[in-house]
There are 2 protein chains.
Amino acid sequence: MTEYPLDGTGAVPAAEIAAAWDRELPGVPTSSIGVITPLWRVAKALADERRRTLRRLGIDPATLDLLSTLRRAGEPWTLTTRELAERCLVTAGAISQRVARAEREGLVTRSPSTASRRAVSVMLTDRGHEVVRRAVRGLLAHEETLVANLAPGERRVLGELLEKLGEGVRGGGGRDVPLEPPARSRP
Amino acid sequence: MTEYPLDGTGAVPAAEIAAAWDRELPGVPTSSIGVITPLWRVAKALADERRRTLRRLGIDPATLDLLSTLRRAGEPWTLTTRELAERCLVTAGAISQRVARAEREGLVTRSPSTASRRAVSVMLTDRGHEVVRRAVRGLLAHEETLVANLAPGERRVLGELLEKLGEGVRGGGGRDVPLEPPARSRP
DNA sequence: AGGTCTATGTTTAGACCTAAACATACAGGA
DNA sequence: TCCTGTATGTTTAGGTCTAAACATAGACCT
């Protein structure tokens with residue numbers, strides 16, 4: 001049997017989740033659920049769609065993120081691994097692995113940077129250019145249809161609210177995680 | 001050196017990304033970027049925060065998702081693996097692995113369902129109850145502070161727009177991924 | 001009864017990520 | 001010059017997920 005994560009059918013509405021916690025664990029603050037739950041579901045649905053779309057286009061999301069970051073950088077389509085880690089928002093270790101995979105497939109080359117001997121320059125190959133061009137065109141065309149549900153004004157508002165939420169999250173919110181003394185039995 | 005994904009500092013603004021594609025690959029539709037890029041960044045920032053918070057609370061996100069889904073189900077805190085897969089939105093294979101790990105740690109038990117011989121019932125243990133109680137309290141308290149940046153009205157609007165976007169995404173958008181014939185050289 | 005289709009779980013291979021340990025390369029001061 | 005601290009990359013261990021192959025168990029039809 002081929003598996004697939006069940007679509008929305010089985011997803012419990014966020015409001016029900018909040019109500020369930022309020023019932024099962026009275027006193028917990030549940031107001032974040034109405035935002036965070038739908039956000040994660042959309043993010044997952046988008047990630048699933050993107051994975052499927054890119055699969056048809058012959059590439060995986062992590063590799064495309066790498067290649068498109070190089071492509072967007074403009075001539076000479078070269079960045080150090082440090083710059084890549086910053087722009088892709090993943091650890092240097094993850095970049096190291098992504099680059100190793102892409103290099104194996106002939107999509108990028110790795111060479112000591114001219115500027116510093118400890119830096120490594122990653123450059124898009126001709127084959128990498130071709131792959132990223134095809135994939136980005138196909139992907140953006142598809143994702144355009146995914147957001148078509150929202151009117152331009154709604155998209156703008158959504159984008160702005162997400163940016164604002166992001167500031168709060170990256171700020172780390174209040175620095176608290178109220179810890180309780182470990183207990184033994186169920187209340 | 002301890003690694004960490006760089007915070008927002010290195011993140012290129014979504015508008016710049018769209019402008020870069022418009023310049024580098026003229027003609028591609030870029031209007032989805034203003035929504036999808038901030039959405040993914042917030043989702044990642046939230047996932048990172050949650051991972052760190054739960055680490056302090058002694059549990060990982062996947063296991064808490066499993067335990068809290070059982071806890072929210074109410075008495076007798078038991079679901080089949082199928083129901084778990086539907087509610088957690090991951091494949092049955094992933095649930096199988098999550099349950100195996102949680103069982104190893106004594107947080108749940110696995111037993112043949114009374115209703116059907118092919119189904120498997122997963123039940124929260126007393127230890128599982130205690131762990132989920134502590135973790136959910138700590139997590140929701142923390143996440144409450146993460147969304148504090150948004151006024152109640154903004155949260156409501158954001159939640160609604162996300163739900164609406166979700167419908168479009170799960171619908172799969174238009175069924176198109178315009179494929180081009182593979183080419184050889186860079187344009 | 002027998003055959004076929006579907007539902008439910010488990011296992012495995014392959015990707016991917018983070019966190020932490022290493023390994024260098026510099027830079028700046030004593 | 002030597003030492004120490006910091007910046008840059010790579011490697012490895014452990015965890016997580018999907019996709020696909022298996023293995024049963026029921027259901028339904030003839």
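Small disclaimer: the values here were computed from a predicted structure and weren't measured. Letters A, B, ... are given to chains in the order of the sequence lines, protein chains preceding strands, and every chain is numbered from 1.
Side-chain atoms of A:Glu130 do not come within 3.5 Å of backbone N or O of A:Arg127 as any donor-acceptor pair. Looking at A:Arg41, its side chain never comes within 3.5 Å of a backbone N or O of B:Leu162 through a donor-acceptor pair. Using modelled atom types, no side-chain atom of B:Ser121 and backbone atom of B:Pro112 make a donor-acceptor pair closer than 3.5 Å. Side-chain atoms of A:Thr69 come within 3.5 Å of backbone atoms of A:Asp65 as a donor-acceptor pair (strictly under, hydrogens ignored).
In the set D:dT10, C:dG9, C:dT18, the nucleotide with an atom closest to the side chain of B:Val120 is C:dG9. Distances were taken from every side-chain heavy atom of B:Arg101 (C-beta onward) to each of D:dG9, D:dC17, C:dT10; the shortest belongs to D:dC17. Nearest nucleotide to the A:Val90 side chain, out of D:dG9, D:dT16, C:dT18: C:dT18. Here C:dG9 is the nucleotide among C:dA15, C:dG9, D:dT18 with the atom lying nearest to any side-chain atom of B:Arg82. Listed nucleotides: C:dT8, D:dA20, C:dA20. Nearest to the side chain of A:Arg55: D:dA20. Ranking D:dT11, C:dC16, C:dT11 by closeness to the A:Asp60 side chain, first place goes to C:dC16. Side-chain proximity of B:Ala92 to D:dT10, C:dT18, C:dT10: nearest is C:dT10.
A distance of 8.5 Å separates NE2 in A:His129 from CE in A:Met123, rounded to the nearest 0.5 Å.
Contact annotation: side chain of B:Glu83 to base of C:dT8, donor-acceptor pair absent below 3.5 Å.
Counting non-hydrogen atoms under 4.0 angstrom, B:Thr81 reaches the backbone sugars and phosphates but no base.
Rounding to whole angstrom units, CD1 of residue B:Ile95 and P of D:dT16 are separated by 12 Å. The distance from atom CD of A:Glu86 to atom P of D:dA7 is 12 Å, rounded to the nearest whole Å. The nearest whole Å value for the distance from the CD atom in B:Gln97 to the P atom in C:dA13 is 12 Å. B:Asp48 places its CG atom 7 Å from the P atom of C:dT18, with the value rounded to the nearest Å.
Across all strands shown, D:dT30 forms a Watson-Crick or G-U wobble pair, both distances under 3.5 Å, with C:dA1.
Listed pair A:Lys44 / D:dT16 fails the phosphate criterion, with no side-chain N or O lying under 4.0 Å from OP1 or OP2. Between B:Arg110 and the phosphate of C:dT10, there is a side-chain N or O to OP1/OP2 separation shorter than 4.0 Å.
For A:Ala119 and A:Arg98, each mapped to the nucleotide of DNA chain C holding its nearest heavy atom, the one lying further toward the 5' end belongs to A:Arg98.
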